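First the structure, in the form of structure tokens, and then the observations on it.
Predicted, not measured: the structure shown is a model, and the values here were computed from it. Quick note on labels: first sequence line is chain A, next is B, and so on, each numbered from 1.
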Amino acid sequence: QKEVEQDPGPLSVPEGAIVSLNCTYSNSAFQYFMWYRQYSRKGPELLMYTYSSGNKEDGRFTAQVDKSSKYISLFIRDSQPSDSATYLCAMTNTGFQKLVFGTGTRLLVSP
Amino acid sequence: SAVISQKPSRDICQRGTSLTIQCQVDSQVTMMFWYRQQPGQSLTLIATANQGSEATYESGFVIDKFPISRPNLTFSTLTVSNMSPEDSSIYLCSVGAGGGLNEQFFGPGTRLTVL
């Protein structure tokens, strides 16, 4: 079993839709959770960074962490074609910077 | 966030040769990391490179195959040695945010194809 599971997609939605991207994990020691966006032929770009459980909002993006269920989510409101990319979740232990990544979910937003 | 550049951006190499990838950061950083991203797979950490010390390699990666240099706080190199087609991948460097934070920022990557 992988430490971090993420549905590879692709997930296809129309412009304006609310998108939900998710990851599950098995290591209860993970405390820091990140979402990266990666456009084709580019490096991953950090979108959201959260610590422990709870929600964090930044513009159209909301990250949720449920440590009791070992489940994290990224919501994108009013999705745009420019949001079409691969979204990677990543997580790490307290005070340790080795990131463990999911495989990424490819998102396609059609105009 | 730091601005990170990598050279080359892509290369096609012959089996048995070696390629050195450069990573340059626009500010001084303590921790630099090298990852491999194979098609359909997660980013996998190869090694952590701290200035002034030997790189720390993850399970499955060895120094003879992936030697790393870290001569100063803004630069690092990763060499892929004695390449085989299985080494075809995207290689990415990243830097830690520092200050006790766990964010990492990535370079654009080097796309390597081995024939």
Can you establish whether the number of heavy atoms outside A:Leu108 located under 6.0 Å from its atom CG is more than 12?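 Yes - once you tally the heavy atoms of other residues, nucleotides and ligands closer than 6.0 Å, there are more than 12.
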Looking at B:Gln38, I want to see if its CD is surrounded by more than 12 non-hydrogen atoms of other residues, nucleotides or ligands under 6.0 Å.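 Yes, enclosed.
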hydrophobic_cluster_shared for [Y] and [X], side chain cutoff 4.5 Å:
{"X": "A:Ile76", "Y": "A:Leu11", "result": "yes"}
{"X": "B:Tyr35", "Y": "A:Val4", "result": "no"}
{"X": "B:Ile68", "Y": "B:Val25", "result": "no"}
{"X": "B:Phe105", "Y": "B:Met31", "result": "yes"}
{"X": "B:Ile63", "Y": "B:Leu19", "result": "yes"}

Atom CE of A:Met34 and atom CD of B:Gln104: how far apart are they, to the nearest 0.5 Å?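 Interatomic distance, A:Met34 CE to B:Gln104 CD, rounded to 0.5 Å: 7.5 Å.
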For chain B, which candidate among [options] shows the most heavy-atom pairs at distances under 4.5 Å?
{"options": "A:Gly104, A:Gly102, A:Pro8, A:Ala90", "result": "A:Gly102"}
{"options": "A:Thr103, A:Leu46, A:Thr86, A:Leu88", "result": "A:Thr103"}
{"options": "A:Glu45, A:Lys42, A:Lys2, A:Gln38", "result": "A:Gln38"}

Which pair of heavy atoms, one from A:Pro44 and one from B:Leu43, lies closest together, and at what distance?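 Scanning both residues completely, I find the closest heavy atoms to be CG-CD2, 4.1 Å.
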Of the backbone (N, CA, C, O) and the side chain (C-beta and beyond), which part of B:Gln37 lies under 4.5 Å from a heavy atom of chain A, both, or neither?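 Just the side chain, heavy atoms under 4.5 Å.
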Part of A:Arg106 lying under 4.5 Å from any heavy atom of chain B: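 No part of A:Arg106 comes within 4.5 Å of chain B.
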When you measure from the side chain of B:Ser42 to the backbone N and O of A:Phe101, does any donor-acceptor pair fall under 3.5 Å?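 Between the backbone of A:Phe101 and the side chain of B:Ser42 there is a qualifying donor-acceptor contact (under 3.5 Å).
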For a 4.5 angstrom cut-off between non-hydrogen side-chain atoms, does B:Phe33 reach A:Leu99?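 Answer no - side chains too far apart.
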